[in-house]
Amino acid sequence: MSRDSVQIPDDRDFQNFRSECYSDAGWTLTYSKSGVTVWIQILEEERAMHRIRCKMECKEVSAEVFYDVLHDIEYRKKWDSNVIETFDIGKLTVNADIGYYAWKCPKPLKNRDVITLRSWLPFGNDYIIMNYSVKHAKYPPRKDLVRAVSIQTGYLIQSGGPKSSTLIYLAQVDPRGSLPKWVVNKSSQFLAPKAMKKMYKACVKYPDWKKKHNPHHKPWLYPEQSNLPTISLSDVTIQHADSLENIDESSATETKDDRGDASDEDSVN
């Protein structure tokens with residue numbers, strides 16, 4: 001998905017994202033176990049560029065709780081062990097903002113970060129959250145991280161009743177570099193399923209955690225609660241991938257302690 005200018009997604013964009021979440025054309029199944037399914041699409045084999053789609057059936061978590069957990073930046077810092085730093089920069093509208101996210105990559109790859117325009121919308125009993133990369137003058141690429149590009153990343157949360165839901169995660173991220181092929185295998189067969197399971201466990205624990213941490217503060221549901229500064233669309237521009245450093249990590253070898261033998265039993269602190 002290419003863009004010439006920064007625009008806040010409209011209903012048609014959300015509908016298109018929803019359709020892509022449901023489409024099976026061009027996907028290859030790589031993992032299916034314990035209610036979690038993962039597919040990939042290889043886009044540029046020489047750079048290990050790919051799209052990934054994950055689906056998770058959840059019997060004990062409502063769509064509303066999933067929606068809250070994906071929005072709650074303070075809680076993410078508790079359960080997301082991949083996060084290095086994350087914060088909101090400013091709001092554009094009641095359902096769109098600009099934010100920063102830096103995450104750990106599998107060793108020995110360099111860690112990445114992104115600046116994204118994120119937007120969200122309830123669809124009846126379902127919810128969509130999606131983002132794409134933008135550039136903000138006050139947050140240039142850091143020397144210790146590789147600035148990646150989110151071409152399209154998002155979540156579709158489908159309600160299955162008061163205490164059940166289905167989460168679909170769809171992502172295409174340009175990592176700005178040539179990655180070794182083991183990264184694609186590892187992300188689709190180990191890292192993505194593990195991340196989904198960890199998110200599920202975080203959702204199960206969220207209601208109790210939230211009762212003790214600003215229980216009524218949910219600016220994603222109640223925009224009047226937001227204390228973010230309002231920023232203008234003119235403050236950001238499209239982040240074109242070819243304007244960023246492109247590093248070659250294709251010869252990087254997977255380290256022993258990062259192989260797919262880690263436990264899924266990670267808990268929320």
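Values below: every heavy atom of this structure, side chains too, minus hydrogens, waters and symmetry copies. One-based numbering along the sequence shown. Predicted model, so just to flag it, every value in this text is computed and none were measured.
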If you count the non-hydrogen atoms of other residues, nucleotides and ligands that lie under 6.0 Å from NZ in K59, is the total more than 12?
-> no

Can you name the side-chain contact (heavy atoms from CB on, under 4.5 Å) partners of H240, sequence neighbours left out?
-> I238, D242, S243

Name the orientation class of the two ring planes belonging to Y67 and Y127 (parallel below 30°, tilted from 30 to 60°, perpendicular beyond 60°).
-> parallel

Does the distance from a Lys or Arg side-chain N to an Asp or Glu carboxylate O, for D72 and K210, drop under 4.0 Å?
-> yes

List the atom pairs, donor and acceptor, that lie under 3.5 Å between side-chain atoms in residues 110-117 and the rest of the protein, sequence neighbours left out.
residue, atom, partner, partner atom, Å
N111, OD1, C105, N, 2.9
R112, NE, P175, O, 3.0
R112, NH1, K110, O, 2.7
R112, NH1, E249, OE1, 2.9
R112, NH2, P175, O, 3.0
R112, NH2, E249, OE1, 2.9
D113, OD1, R147, NE, 2.8
D113, OD2, Y100, OH, 2.8
D113, OD2, R147, NH2, 3.2

Applying side-chain contact (heavy atoms from CB on, under 4.5 Å) to S232 and not counting sequence neighbours gives S234, D235

Without hydrogens or angle criteria, can the side chains of T166 and E57 be said to hold a donor-acceptor pair below 3.5 Å?
-> yes

Got a sec, which pairs hit side chain to side chain donor-acceptor pair (under 3.5 Å) with one end in residues 86-95, sequence neighbours left out?
-> T93-N95

Specify whether W103 and Y101 have parallel, tilted or perpendicular ring planes, treating 30° as the upper limit for parallel and 60° as the lower limit for perpendicular.
-> parallel

Is there a salt bridge (Lys or Arg N to Asp or Glu O under 4.0 Å) between R51 and E20 once you walk through the steps?
-> CA-CA 12 Å; R51 298 174 82 206; E20 287 194 52; 2.5 Å; yes

Taking C-beta and beyond as the side chain, do L167 and Y155 meet within less than 4.5 Å on heavy atoms?
-> yes

What class does the angle between the rings of H136 and Y139 fall in, given that below 30° is parallel, 30 to 60° is tilted and above 60° is perpendicular?
-> perpendicular

Quick one: do R53 and D24 make a salt bridge, cutoff under 4.0 Å?
-> yes

Shortest non-hydrogen pair, V149 vs A241, comes out as CG2-CA, 3.9 Å

Any side-chain donor near an acceptor of the partner, N131 and S150, under 3.5 Å = yes

With sequence neighbours excluded, residues passing side-chain contact (heavy atoms from CB on, under 4.5 Å) with A195 | none

Tell me the side chain to side chain donor-acceptor pair (under 3.5 Å) pairs involving residues 220-229, sequence neighbours left out?
-> D68-W220

Exercise: do K197 and S34 side chains pair donor with acceptor under 3.5 Å = no

Is the closest basic N to carboxylate O distance between E64 and K218 below 4.0 Å?
-> no

Worked check of side chain to side chain donor-acceptor pair (under 3.5 Å) between K104 and S81 = CA-CA 8 Å; K104 301 171 188 173; S81 58; over 6 Å; no

